[in-house]
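Below is one structure, written out as structure tokens; comments come after it.
Everything numeric here is computed off the predicted structure, so don't read it as measured data.
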Amino acid sequence: MQTLFSLAQLADPQVAESEKILRACVHCGFCTATCPTYVLLGDELDSPRGRIYLIKEMLEHDAPATPEVVKHIDRCLSCLACMTTCPSGVHYMHLVDHARAHIENTYRRPLPDRLIRALLAWVLPHNGRLRWALRAAAIVKPLAPLLAVIGLRRLAAMLALAPARLPGPPDGAGQTLFSAQGQRKGRVALLDGCVTPVIGPSIQEAAIRVLTRHGIEVVLARGQGCCGGIVHHMGREDAALAGVRRNVEAWTFELGGEGLDAILITASGCGTTVKDYGFMLRTDPAYAAAAARISALTMDICEYLAGADLPRGGAPERLVVAYHAACSLQHGQKVVREPKDVLSRLGFLVKDVPEGHLCCGSAGTYNILEPDIAKRLRARKVGNIEKLAPEVIAAGNIGCITQIAAGTAIPVVHPVELIDWATGGPRPAALRGDRITAAPARRAEAAV
């Protein structure tokens, strides 16, 4: 793609990077076939190619974002399926991130939009605030249908996604070091993050049990927090980079002490962000080298466990598992085989979901900010999953777990919870009692 940036514009490292990305695009259109919003809406401007044109025009003219541009960029899930499909290697992720930062700096959103985004940015990255917010949401959750009827769709979506009952804090809350059982074979840091410890503490518990059971010491670095991804994808770069620097400092401190073999992430959305720290801080002389080192050490929990000495055939039950490939894992990190291989090796019967490249509609805060499209994508995803008649769904991202669970009676768990169960841990809570039989019963009713 030909570009017309001035030399003065190209002196800005962000513009220079975006110009390089734009020039790589050859207008082929392969991306349209795998873009969820284009598949649903059929609008060229809601495809990666269309958005690339909009971003090019906006950045080249150094113009404030217009409502039309904002609408189509906001509709992008950042699922990155286009990057998997693109034969030219267009790094769409960095381009759309730049566009979102430009929108945040140049466009004044309507007041309701500003308020909901400010609320999400203030609450989600902080465990304490999120816990209190979800407790309040549980009280007014029954009002969600009414709010949707009167036009408050985003608030309704937020309440609908909130758990009816908040789980307690993770086992060992406040503990920062978990010793290896037997001889120590390695030492890793685990990102506890912001959302997962609050609504999915069992994931962190399972990860720690699996790791320590297999001789890996686990540290939760003091001072770490949200990966920065939530505000980063809203275009709030100052807040995002502050979180990035805080985590780089926390993990660098551990590296300088007893060292780390890896930094492990259980939420694939966070993993994609942390693996990009080196790029995000590439122009910061005080942090660039340390951030690059952190990114190089970062692995998804299943990516790491694929290389561990796990027993074969340890699954207590040969359950049929529908593996939902989170977009941030398969497209963002290119981790495709590892979670399925580990589960299969342990004795689970793993099935790929049809149209597995299409997003479930979670995408960070997307299912709140764009609830209508998110619901359509969830319905499509759940429909494809239920065709497999699985006994359990495994997904490597807390957002996907929450989104899919809101649309089906089939239990949804993180792969590490199944791995933990198959290697000596407890049965995942979602599989206890009669919940595992609820989905087949529901499918039988639907067939009548």
Side-chain angles (χ1 to χ4, degrees), residues 1 21-22 24-59 65-100 102-103 107 109-110 113 148 151 153-154 156-157 233 235 324-328 330-332 352-387 399-400 403-404 406-408:
M1 179 181 290
I21 296 168
L22 288 167
C25 179
V26 297
H27 325 284
C28 67
F30 280 106
C31 57
T32 60
T34 58
C35 174
T37 50
Y38 183 76
V39 168
L40 285 186
L41 305 175
D43 186 337
E44 174 73 13
L45 295 180
D46 284 314
S47 73
R49 183 171 61 180
R51 293 185 179 111
I52 285 171
Y53 277 113
L54 293 175
I55 294 169
K56 174 183 179 294
E57 288 296 305
M58 178 176 68
L59 296 181
T66 64
E68 181 73 3
V69 170
V70 172
K71 177 179 75 171
H72 294 293
I73 299 303
D74 282 354
R75 284 180 178 174
C76 174
L77 294 123
S78 281
C79 70
L80 309 181
C82 55
M83 287 177 56
T84 297
T85 311
C86 180
S88 302
V90 175
H91 205 302
Y92 179 82
M93 181 176 81
H94 290 158
L95 182 65
V96 78
D97 287 345
H98 184 189
R100 287 190 168 121
H102 185 85
I103 289 169
Y107 180 72
R109 295 178 179 275
D113 198 4
R153 296 176 297 105
R154 289 172 166 178
H233 294 304
H324 163 71
C327 297
S328 46
Q330 64 166 322
H331 303 309
D352 287 318
V353 177
E355 293 188 325
H357 60 282
L358 290 182
C359 185
C360 68
S362 172
T365 58
Y366 191 93
N367 51 5
I368 295 172
L369 296 174
E370 300 287 341
D372 295 337
I373 296 174
K375 286 177 183 176
R376 291 175 64 184
L377 288 171
R378 179 175 64 201
R380 188 169 182 143
K381 179 65 66 176
V382 167
N384 279 318
I385 289 173
E386 293 188 341
K387 290 176 186 176
C400 302
Q403 172 79 347
I404 295 170
T408 183

Next on the checklist: Run Ile373 and Leu41 through side-chain contact (heavy atoms from CB on, under 4.5 Å) and show every step you take.
Outcome noted: CA-CA 9 Å; Ile373 296 174; Leu41 305 175; 4.1 Å; yes
Next on the checklist: So Arg49 and Cys35, do their side chains get closer than 4.5 Å, heavy atoms only?
Outcome noted: no
Next on the checklist: Side chains of Leu95 and Ile55, heavy atoms from C-beta outward: is any pair under 4.5 Å?
Outcome noted: yes
Checklist entry - Side chains of Thr66 and Glu57: does their closest heavy-atom pair fall under 4.5 Å? => result no
Next on the checklist: If I take atom CG from residue Asp43 and atom CZ from residue Arg75, how far apart are they, to the nearest 0.5 angstrom?
Outcome noted: 7.0 Å
Checklist entry - Between Arg51 and Tyr92, which heavy-atom pair has the shortest distance, and what is it? => result CD-OH, 3.2 Å
Item to check | Any donor-acceptor pair under 3.5 Å from Gln403 side chain to Ala363 backbone | outcome: no
Next on the checklist: Quick check for you: to the nearest 0.5 Å, what is the distance between Arg109 atom CZ and Ile103 atom CD1?
Outcome noted: 6.5 Å
Next on the checklist: Quick test of your reading of the model: are Asp46 and Lys71 salt-bridged, counting only N-O distances below 4.0 Å?
Outcome noted: no
Next on the checklist: Asn384 vs Lys381, test: side chain to side chain donor-acceptor pair (under 3.5 Å). Steps then yes/no.
Outcome noted: CA-CA 5 Å; Asn384 279 318; Lys381 179 65 66 176; over 6 Å; no
Checklist entry - Which atom names give the shortest non-hydrogen contact between His324 and Cys360, and what distance separates them? => result CE1-CB, 3.9 Å
Checklist outcome for this item: For Ile73 and Arg100 the tightest heavy-atom approach is O-NH2, 3.4 Å
Checklist entry - Which atoms form the tightest heavy-atom contact between Leu77 and Cys359, and what is the distance? => result CD2-SG, 3.8 Å
Checklist entry - If you measure from CZ on Arg153 to CD1 on Ile368, what distance do you get to the nearest 0.5 Å? => result 13.0 Å
Checklist entry - Could you give the distance from CG (Leu59) to CG (Leu54), rounded to the nearest 0.5 Å? => result 10.5 Å
Checklist entry - Shortest non-hydrogen contact from Ala24 to Ser88? => result O-CB, 3.3 Å
Checklist outcome for this item: Between Gln330 and Ala325, the two heavy atoms sitting closest are NE2-O, 3.1 Å
Checklist entry - Are Thr37 and Glu370 close enough that some pair of their side-chain heavy atoms sits under 4.5 Å apart? => result no
Next on the checklist: What's the separation between atom CG in Leu40 and atom CZ in Arg376, rounded to the nearest 0.5 Å?
Outcome noted: 4.5 Å
Checklist entry - Hey, which of Ile52, Val96, Val90 is the one that makes side-chain contact (heavy atoms from CB on, under 4.5 Å) with Ile21? => result Val90
Checklist entry - Parallel, tilted or perpendicular: which describes the rings of His94 and His91, with under 30° parallel and over 60° perpendicular? => result parallel
Next on the checklist: Can you confirm whether His233 sits close enough to Thr365 that some side-chain heavy atom of one is under 4.5 Å from a side-chain heavy atom of the other?
Outcome noted: no
Item to check | Side chain to side chain, Met93 and His331, heavy atoms closer than 4.5 Å | outcome: no
Item to check | Atom pair CG/OG1 of Leu80 and Thr34 - distance to nearest 0.5 Å | outcome: 10.5 Å
Checklist entry - Are any of the side-chain heavy atoms of Tyr107 and His102 separated by less than 4.5 Å? => result no
Checklist entry - Are any non-hydrogen side-chain atoms of His357 and Thr85 less than 4.5 angstrom apart? => result no
Checklist entry - Taking Glu386 for the side chain and Thr408 for the main chain, is one N or O donor matched with an acceptor at less than 3.5 Å? => result no
